[in-house]
Amino acid sequence: VTRDPIRGSSDRSILILISLADWPKHGYALVKDIEGFAGVKLGAGTLYGALAKLEQAGLVDALPAQDRRRPYRITMEGREHLRERLSESARIAEVGLRRIAVASS
Amino acid sequence: MNRRLTRWLLALYPRYWRDRYGTEVASLNEELINAGETTPLRAGLNLLAGAAVERGRALAASRHAVLAAAAAAIIMVAVLAFGLSSGRATSAAARADGFTCTVPGGVRLPGFVGFVQFRGKPATRRVVVKGKRGPGRVVVQGKPGQNFQAVAPPGTKPPRPAWIAFKPGNSVKGIARCTVQIFNEKIAHPAAGAPVGANYVIIQPGGGGFAQVVVPVPLPANARQAQTRLVKP
């Protein structure tokens, strides 16, 4: 698995990486956090589908399970990938906003 | 949604996926339903959709593997046919020189052969060795843990590229109508022209069929000849 499927996938992977950017979280905490900052409600199947891809790509790591919950943390590679993607998104957003401003002036 | 239904829905996922994430998914599903974050129906549909996605992904991976294997088989047959015909033409030269090797050349493995997925686990086949087309010496040099590269002995023309597929980790499946010796000498082999300090692999004439070379990592100290095996076509 390379990074390309992650890049081509929807924003779910990015939302998970953003959620893990501050500290490790288990599934339920991820769902609540993502809902909180993005307003997106992920189901268990969707969440773990994206997590599996991220883990295979080496962008997140699974930590030892606590009870039935297993926390995940972002790797250095994942952090770098997230930084690249967010910078790219910010640049595109800036271009879009500038064009809107020019068109409406 | 009861546990039995969850188990049934999880059974739709590929086994490796279920073994790895099944418990966590079931646990999260239960938590979400108990917390009123989702309904059993929505949770069930979400698992069903997830299973379809994972099944599709596994199918795509296996199809990729089958295509790559088929392509590799076709290429092997082509290389074998080429090798048999060119080998006959150069066997006299090989015997006379005593250090001549023919590597079936002119075949470049297509890029998609370079990446093969087997049972969902990616395995990379890198093309890292350049041999020489036609009669002439071929020296393949490198250190354990590194890729190998063919070099031209002094006074000869650089070898024309003829690719041999090597597996990673120095497990090598070469295609050469030769015997293969692996040296671990810290001096330059006079016939090979390899630089001092290099571990190198010399492909020599005398054999037939395919040579399969396994270079141990690291090479044993004072190893004069490591594992070599000739596989008759």
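Just so you know, these numbers come straight off a predicted model, no measurement behind them.
- Side chain to side chain, A:Y72 and B:E24 meet the donor-acceptor criterion of an N or O pair below 3.5 Å.
- Taking both residues in full, the closest heavy atoms of A:A52 and B:W17 are given as CB-NE1, 3.5 Å, listed atom of the first, atom of the second, then distance.
- Residue B:R20 touches chain A through its side chain alone, counting heavy-atom pairs closer than 4.5 Å.
- Across A:L42 and B:L32, no two heavy atoms sit closer than the pair O-CD1, 4.3 Å.
- In terms of modelled atom types and a separation under 3.5 Å, the side chain of A:K41 and the main chain of B:E37 share a donor-acceptor contact.
- For B:V53, the side chain to side chain contact (heavy atoms under 4.5 Å, CB included) partners are B:R57, not counting sequence neighbours.
- For chain A, no part of B:T38 is nearby; none of its heavy atoms comes within less than 4.5 Å.
- Annotation: maximal heavy-atom pairing with chain B below 4.5 Å, among A:E35, A:K32, A:E55, occurs at A:E55.
- Residues B:E54 and A:G49 approach most closely at OE2-CA, 3.5 Å, considering heavy atoms.
- For CZ of B:R15, the number of neighbouring non-hydrogen atoms (other residues, nucleotides, ligands) closer than 6.0 Å is 12 at most.
- Considering only heavy-atom pairs separated by less than 4.5 Å from chain A, the leading option among B:N46, B:L10, B:T23 is B:N46.
- A search for side chain to side chain contact (heavy atoms under 4.5 Å, CB included) contacts involving A:R73 returns A:P24, A:D61, A:L63, not counting sequence neighbours.
- The side chain to side chain contact (heavy atoms under 4.5 Å, CB included) with A:Y48 is formed by just one residue from the set B:L47, B:N29, B:V25; it is B:V25.
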